[in-house]
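Side-chain atoms are counted along with the backbone in the values below, which use heavy atoms only and exclude waters and symmetry mates. Just so we're on the same page: letters track the sequence lines, and every chain starts at 1.
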Amino acid sequence: MSVFSPVVHRTFARGVHPPERKGLAENCPIEVLPCPSKVVIPLLQHLGAVCLATVKPRQEVEMGDVVGEATAPVSAPVHASVRGKVGRATMATLPNGRHVPAIPIDAAEEQPFAGDALFEEIYGGDYPLDGLGHYLPQTIRQAAREAGLVGLGGAAFPTHIKLAPREQTPIDTLLLNGCECEPYLTGDDQLMQVAPRPILAGGLLGQLATGAQRVVVGIEANKPRAIRSLRQAAEGTDIEICVLRPKYPQGGEKQLIAAMLHREIPNGKLPLDVGVVVLNVGTAAALARAVVRGRPLTHRVVTVSGGGIRRPANVLAPIGASYRQLVEHCGGLRDNAVRIIAGGPMMGFTLGTLDAPVTKGTSGITILSEREVRRAGETPCVRCGRCVEVCPMRLVPTKLGLAARAGNAELARRHHIAACVECGCCAYVCPAQLPLVQLIRVGKVLARK
Amino acid sequence: MDTLISLLQIGIGAAIINNFVLHYFVGICPFLGVSRKVETAFGMGCAVTFVISIAALLSWTFTYFILRPGAPLPGWVWRVAGGDPATSVDLSVLSYIMYIFVIAASVQFVEMYVRKFFPPLYKSFGVYLPLITTNCAILFACLEIMKNLQDPTRLWGLHEALTLALGGGVGFTLAITLMAGIREELDMCDVPKPLRGPGISLLTAGILAMAFMGFAGVDKSVADALKRLTENGTPRVEHRTLNTEY
Amino acid sequence: MSNHDPTALERLINGILPENPVYRQLLGMCPTLAVTGAVKPAMTMALATAFVLISANCMVSLIRGLLRPHLRILVFTLTIATFVTIADRVLAAYLYEMSKQLGPYVPLIIVNCLIISRCEICASKQSLPVALADAVGVSLGFALALGSIATVREVLGSGTWFGLAVLPSNWPNWGIMVLPPGAFLTLGILLGLVEWLADRRRKHVT
Amino acid sequence: MPAPPLPPLIEVAPSPHLAEPSSTTRRMMIDVMIAMLPVLVMAVLVFHWYAVLQMGLCVLCCLATEAVCCWARGKPIPLGDYSAAVTGVILGLSLPWAAPWYIGALASVVAIGLGKAVFGGLGYNIFNPAMVGRAFVMLSFARELGASAYVVLHSNLEILTQPTPLTIAKEATRAIGAESFWPLFVGQVNGSPGETSAVALLVGGLYLCVRRSAAWGIPAGMLLSGFICAELLYAAGLTAFPPLYHLVTGSFLFGAFFIATDPVTSPVIHRGHFLFGTGVGVLSILIRVFSGYPEGVMFAVLLMNAAVPLINRWTIPRPVGGALAET
Amino acid sequence: METKAPGGGYLRQAWLVIFLGLLYGGALAGVQTSLGPRIEQNRRAETYRVIPQIVPGADAAQTTELTITGRDGKPSRVYRVHTAGGQLAGWVLPAGGLGFADRIDLLVGLDPELHAITGIYVLDQKETPGLGNFISSESFRERFAGMSAGEPLMVVKENPTAGRNEILALSGATISSESVANIVNTAIDNLREPLRGL
Ligand SMILES: Cc1cc2nc3c(=O)[nH]c(=O)nc-3n(C[C@H](O)[C@H](O)[C@H](O)COP(=O)(O)O)c2cc1C
Ligand SMILES: Cc1cc2nc3c(=O)[nH]c(=O)nc-3n(C[C@H](O)[C@H](O)[C@H](O)COP(=O)(O)O)c2cc1C
Ligand SMILES: Cc1cc2nc3c(=O)[nH]c(=O)nc-3n(C[C@H](O)[C@H](O)[C@H](O)COP(=O)(O)O)c2cc1C
Ligand SMILES: Cc1cc2nc3c(=O)[nH]c(=O)nc-3n(C[C@H](O)[C@H](O)[C@H](O)CO)c2cc1C
Ligand code: SF4
Ligand code: SF4
Ligand code: SF4
Ligand code: SF4
Ligand code: FES
């Protein structure tokens with residue numbers, strides 16, 4: 001399509017074009033999940049240290065109360081997402097397989113907000129885009145920290161750390177990541193359509209906190225409505241909207257920075273080191289809410305989509321709601337469902353159960369049906385080099401896989417295994433159906449020794 | 001010019017056509033034993049090339065002046081000692097023993113010299129030096145030089161002996177480095193169990209030897225071509241007729 | 001394995017199959033590859049090697065009490081080189097054609113690791129009869145290996161065995177078998193075969 | 001409240017959960033066969049049914065050997081991936097049609113057995129199986145496969161009574177004129193059935209490259225380097241064929257598009273493809289011009305196959321963001 | 001194991017080596033004196049045995065070996081052969097050069113006047129079995145007998161013309177055939193002048 005469009009949009013080198021299948025949930029406005037009777041709030045939803053529980057069993061909590069506090073610099077507090085009574089601390093299994101302590105809360109009958117009111121509470125409110133100048137950087141960071149803000153784009157890195165100033169490498173650009181290049185996922189798209197102002201306000205606050213000169217929103221050309229809505233809202237501000245040619249994994253921050261700014265992040269370094277901070281659009285909206293209205297992060301938009309779900313939707317869900325509740329809200333599984341994936345189909349983890357809680361990092365639940373996955377058996381690598389052609393990090397995935405299989409750490413290191421972002425492009429194109437990403441994960445552990 | 005061309009011919013011949021390993025089967029032990037990793041294999045190749053050249057220098061000297069039939073030195077001693085000038089002295093029966101000691105001495109010498117004056121070089125291939133003493137590739141080079149000195153119609157000079165040694169060493173390095181690259185790959189292949197290790201290495205060497213046979217005749221035609229070009233500048237003068245016209 | 005020094009009989013038997021120098025220990029690969037284009041030169045080579053090995057082993061065993069580590073290898077080499085020269089001259093005198101055909105591979109026996117390893121492992125430690133038995137055993141094993149490889153190569157490559165035609169005259173000779181690649185391929189395949197048989201026996205026993 | 005049971009098929013698998021549907025090993029092999037069609041049509045036009053006979057024999061023997069080898073190792077018998085069939089087709093088309101039956105059969109057995117199975121089967125072989133088989137019989141039956149094998153003096157097919165272009169090039173005493181280019185290009189000459197028609201090979205080869213079943217860097221490198229090398233030698237008067245002739249005669253194009261491109265035995269990185277192709281091109285021409293053999297593609301491919309592990313090592317790309325500094 | 005003082009040990013070692021050196025030296029000297037002549041005779045017989053085959057009428061016993069310097073400046077061995085009656089029967093030149101695969105060594109027989117080649121013999125070659133190795137065959141060698149030694153030999157693939165000094169190549173082994181012809185040409189060219197002078 002982009003071949004015929006008059007504008008040739010920017011993008012990064014290599015990568016793949018998986019079928020987008022966004023149509024399933026693209027036109028579903030965000031709906032609010034009816035308050036579940038019970039939520040289970042994991043004390044670790046982010047990259048960093050586990051939180052310390054601050055509530056006792058049978059204690060009554062309000063929506064927004066702190067239930068776990070951060071005890072280390074790289075950590076973020078967690079909050080109650082409903083009003084209710086704390087139960088006995090348990091363990092929850094996160095989608096990535098980790099067992100972490102969690103606080104269950106039995107929701108009260110009476111919730112402060114429900115339905116549209118809840119949506120209004122989370123994403124409504126007025127954000128004066130030209131009246132934010134008075135917020136001090138420390139205030140912003142402090143608010144982000146207290147609100148338990150972590151990246152909503154997937155990595156769930158505590159946001160206040162990202163916003164901390166750096167002396168050696170001043171930040172010049174703040175990027176808002178609205179790519180959402182994973183197939184099926186449409187939550188960010190919807191959010192940009194209905195709540196552009198909080199997003200932009202978050203961007204401006206991020207700018208204030210980091211001292212960046214520019215704020216740019218990166219968004220793929222396949223989301224025309226979101227682009228229009230953001231453009232409208234951004235009128236009169238200095239925020240730029242940069243439209244990108246759709247390609248996976250554009251949303252990966254290294255790729256995004258390469259596509260938009262033509263900068264390469266040295267391996268082992270962070271965007272900060274090249275003077276860039278990347279925030280997911282959802283994170284930006286939550287930042288604005290935390291700073292301007294002092295509200296913690298208690299809810300997020302989750303896309304429930306895929307050929308294995310009866311009624312694909314974008315759902316605003318409280319953190320700690322179980323996957324089962326979301327799936328049932330969306331009509332339940334179809335009989336041909338074969339994979340339940342936390343996140344999108346390219347990078348997400350499969351679950352063997354629906355009893356996992358939604359966390360701050362849950363961008364979607366993808367239920368794939370028999371037809372959508374190809375489960376051809378694995379055959380030997382024919383060294384065709386297709387994986388090499390698509391690897392956005394310019395690695396040689398076939399050698400990484402071989403090295404992992406053979407337990408050859410030296411080979412893995414020689415091929416820079418640590419640079420892999422596990423985007424899955426290589427495995428996507430591999431004609432031999434090698435589980436390259438899985439092998440590379442094994443290889444990374446091996447190479448570190 | 002002719003000398004250069006004939007040296008080229010000897011060099012090409014020793015390096016790729018009559019490759020020491022793949023054609024004459026000498027140096028098989030290091031070829032199979034020290035070809036697990038490319039770096040070590042290359043180091044071994046360099047070490048062998050080095051030692052082989054020194055050994056060729058020494059053994060040519062010994063053979064030319066002492067060991068070949070009609071060599072000047074023993075003849076002189078014989079006459080000085082009052083022997084009958086008509087009987088020639090042939091010490092070639094001592095050749096093998098001499099060569100073996102020449103090789104052992106070269107290895108010792110090279111090791112000492114390199115350690116003293118080129119420590120970085122020593123670090124990179126010094127460890128292989130002692131392994132080389134019993135390497136037949138080096139003795140083989142000495143024997144080839146002997147063969148070409150014993151035949152009075154060939155009577156190689158030092159330059160020819162050194163070219164053979166250098167060509168042989170380069171060919172050895174080429175073969176062992178290629179082999180090492182392949183073996184690193186083989187470690188990751190699903191080779192049938194009985195063939196793992198030496199079996200598959202030999203089969204690979206066999207295929208490599210087949211591939212190298214493609215060079216048969218290259219030394220001769222390159223030399224011929226160069227001769228034609230340098231002699232009269234008229235290319236493709238051939239003393240043969242062709243009955244088929246295209 | 002028992003930890004007593006092997007007896008003469010054990011040495012003899014071990015050398016032939018269980019510790020076959022070529023198939024099990026990969027020693028002496030160069031002559032194994034180089035002279036096995038036909039059975040006749042292979043057997044001549046085996047004979048020459050046997051002569052050198054037996055003489056050297058006996059000699060070394062005789063003087064073993066006098067040997068010091070740093071001079072040991074020197075003495076071995078001197079001994080081996082002398083016997084090789086003798087073998088070489090005898091061949092040239094009585095089997096001139098064969099000697100020409102074997103070319104440098106007779107003198108190369110000097111550096112054949114098979115011989116020096118037997119001197120080192122057995123002869124420099126054990127008495128004359130044991131050293132002799134060891135040398136005979138290993139020589140038989142070596143001859144067996146050379147003979148088997150040469151048989152495959154000569155039969156397939158020339159249709160003959162020991163110069164006698166054994167395949168029908170319309171058999172197309174596989175020329176490659178008598179060329180260098182044939183040597184590598186045959187040895188590789190035979191090694192695999194021996195390994196496979198040994199593996200099966202091991203499984204059978206347990 | 002008991003949780004309702006999940007559908008029975010729910011499974012756990014590593015990401016990614018999608019795969020490019022058209023990308024399979026089998027599909028690549030089928031592409032080769034499709035690309036081979038024009039070549040086959042020309043072969044049948046030029047050599048009549050002889051062309052197919054040798055090829056059919058080789059395909060059958062290759063498939064049989066593959067089945068036996070896999071059965072012996074207790075592996076599933078993977079004839080469905082068609083790689084053995086491709087080996088058979090390429091082998092059959094590269095042998096002189098008139099070679100006795102046992103040559104095709106032995107070449108096939110060696111190709112799959114020695115060229116492929118001993119390394120572990122599909123994907124593991126270091127050397128191009130078809131070329132291993134061909135080299136084995138070429139070195140075994142030099143008489144039956146040499147230059148004279150192509151010439152059948154009393155054949156009623158006129159083409160077969162002429163020597164092959166390469167023989168002529170090797171023995172010509174003067175440069176060969178331009179008037180004979182056209183038959184070379186179309187394929188109206190003697191030779192192995194797969195190699196005579198340059199135009200059919202170009203069509204098939206381009207299809208392979210466009211389909212990405214073959215890496216285009218290999219033929220590109222090979223043609224470029226072959227041309228330059230031949231030009232230099234021609235200018236020096238060492239070969240009777242102008243460079244363009246060298247590219248369209250013998251198995252140069254066949255090699256460039258169908259043989260050197262075997263993914264298993266060529267490098268995996270683009271820069272490596274080009275290097276590999278360049279090596280094959282240069283060696284092919286050098287061997288053709290200087291060695292005792294009329295054609296060098298087979299040897300050149302085998303030689304460069306041996307260098308592939310080294311090429312792969314030398315061409316490891318610098319990852320985006322550079323190498324991780326050693327800590 | 002030995003428990004002698006090191007000094008004594010070294011001394012004994014030195015004696016041992018000297019003793020062994022003498023022993024081996026003696027053995028080699030013995031071998032050389034007893035077998036040397038025989039080996040020399042073998043080497044000679046290799047050539048002499050075939051002389052009657054390549055120079056008709058020659059008697060191997062009536063052969064003298066000469067060393068002359070050829071045009072290339074290197075010493076060359078040649079054989080002057082005689083009939084049993086003592087008449088000059090011709091010359092035999094050892095010659096060598098590269099063939100298809102490796103060195104080819106030949107003997108070339110010439111008539112007394114150096115006008116014609118009387119025959120050739122292949123002493124050593126490693127050409128491809130079944131192809132190039134037929135240069136050793138009787139039928140190939142015969143093609144050289146009677147050719148002129150005054151002008152270079154030519155190799156053709158079919159229908160050699162009588163009187164034009166053309167040799168029919170072995171089919172499938174043109175290169176080996178050419179190599180042999182070239183070696184013969186070079187050897188004659190190299191030695192014709194010096195031989196004339198004898
Ligand atoms: C392969 C890959 C794909 C990603 N795709 C997206 C994406 O589509 N949208 C997104 O917001 N973040 C994506 N991320 C996460 C971003 O790299 C980055 O962590 C995020 O944009 C930072 O913002 P946050 O901290 O607010 O989440 C991806 C990461 C990787 C490694
Ligand atoms: C892949 C392939 C490889 C070949 N390799 C050789 C070769 O190495 N030597 C050869 O003589 N012919 C080879 N041929 C056949 C030649 O291309 C050509 O047909 C043949 O040499 C005819 O030329 P000639 O009559 O001069 O031998 C090969 C053919 C193919 C298809
Ligand atoms: C394996 C193999 C071995 C060969 N060996 C020889 C050889 O020893 N001598 C030779 O002249 N040609 C040999 N050739 C043939 C040459 O490549 C070349 O085709 C031939 O000399 C052309 O001669 P022709 O025109 O008489 O067929 C061999 C070819 C092959 C494939
Ligand atoms: C483009 C392409 C070219 C191929 N060329 C060859 C070939 O030249 N010889 C061969 O044996 N197999 C060839 N194959 C088939 C297959 O890759 C080969 O048998 C593998 O080497 C077997 O592991 C080819 C396959 C493809 C896709
Ligand atoms: S895409 Fe798959 S088959 Fe191809 S080289 Fe990569 S790992 Fe191997
Ligand atoms: S190697 Fe890593 S970075 Fe490259 S494509 Fe594969 S998963 Fe992505
Ligand atoms: S001769 Fe040397 S390299 Fe060969 S096996 Fe013996 S010790 Fe190893
Ligand atoms: S010692 Fe030499 S001759 Fe013996 S096997 Fe080793 S390399 Fe070959
Ligand atoms: S969804 Fe696009 S990179 Fe994550």
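Contacts of C:Ile176 with chain B are made by side-chain atoms alone, with heavy-atom separations under 4.5 Å and no backbone atom involved. With a threshold of 4.5 angstrom between heavy atoms, B:Leu143 approaches chain C through side-chain atoms but not through N, CA, C or O. Of the atoms belonging to C:Thr85, heavy atoms from both backbone and side chain fall under 4.5 Å from chain B. In this structure, chain B has heavy atoms under 4.5 Å from both the backbone and the side chain of C:Leu33. Looking at B:Ile200, neither its backbone nor its side chain comes within 4.5 Å of chain C, counting heavy atoms on both sides.
When B:Leu22, B:Val21, B:Leu195 are compared by the number of non-hydrogen pairs under 4.5 Å with chain C, B:Leu22 comes out ahead. When each of C:Ile110, C:Thr186, C:Asp199, C:Leu197 is checked for heavy-atom pairs under 4.5 Å with chain B, C:Ile110 comes out on top. For the set C:Pro104, C:Gly182, C:Ala183, the entry with the most heavy-atom pairs within less than 4.5 Å of chain B is C:Pro104.
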Would C:Ser124 and C:Arg64 count as a side chain to side chain donor-acceptor pair (under 3.5 Å) if you check the C-alpha gap in whole Å, the side-chain angles of each, and the deciding distance to 0.1 Å? CA-CA 5 Å; C:Ser124 65; C:Arg64 70 184 186 281; over 6 Å; no
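In this model, no donor atom of one side chain and acceptor atom of the other lie less than 3.5 Å apart for B:Arg68 and B:Thr63. Side chains of C:Ser148 and C:Tyr23: a donor-acceptor N/O pair is present below 3.5 angstrom, by distance only. One side chain, B:Arg183 or B:Ser35, offers a donor N or O that lies under 3.5 Å from an acceptor on the other. Using modelled atom types, one finds no donor on one side chain facing an acceptor on the other under 3.5 Å when comparing C:Thr82 with B:Tyr96.
Of the residues B:Phe25, B:Phe212, B:Phe140, the one that meets the ring pair (Phe, Tyr, Trp, His ring centres under 6.0 Å) test with B:Phe20 is B:Phe140.
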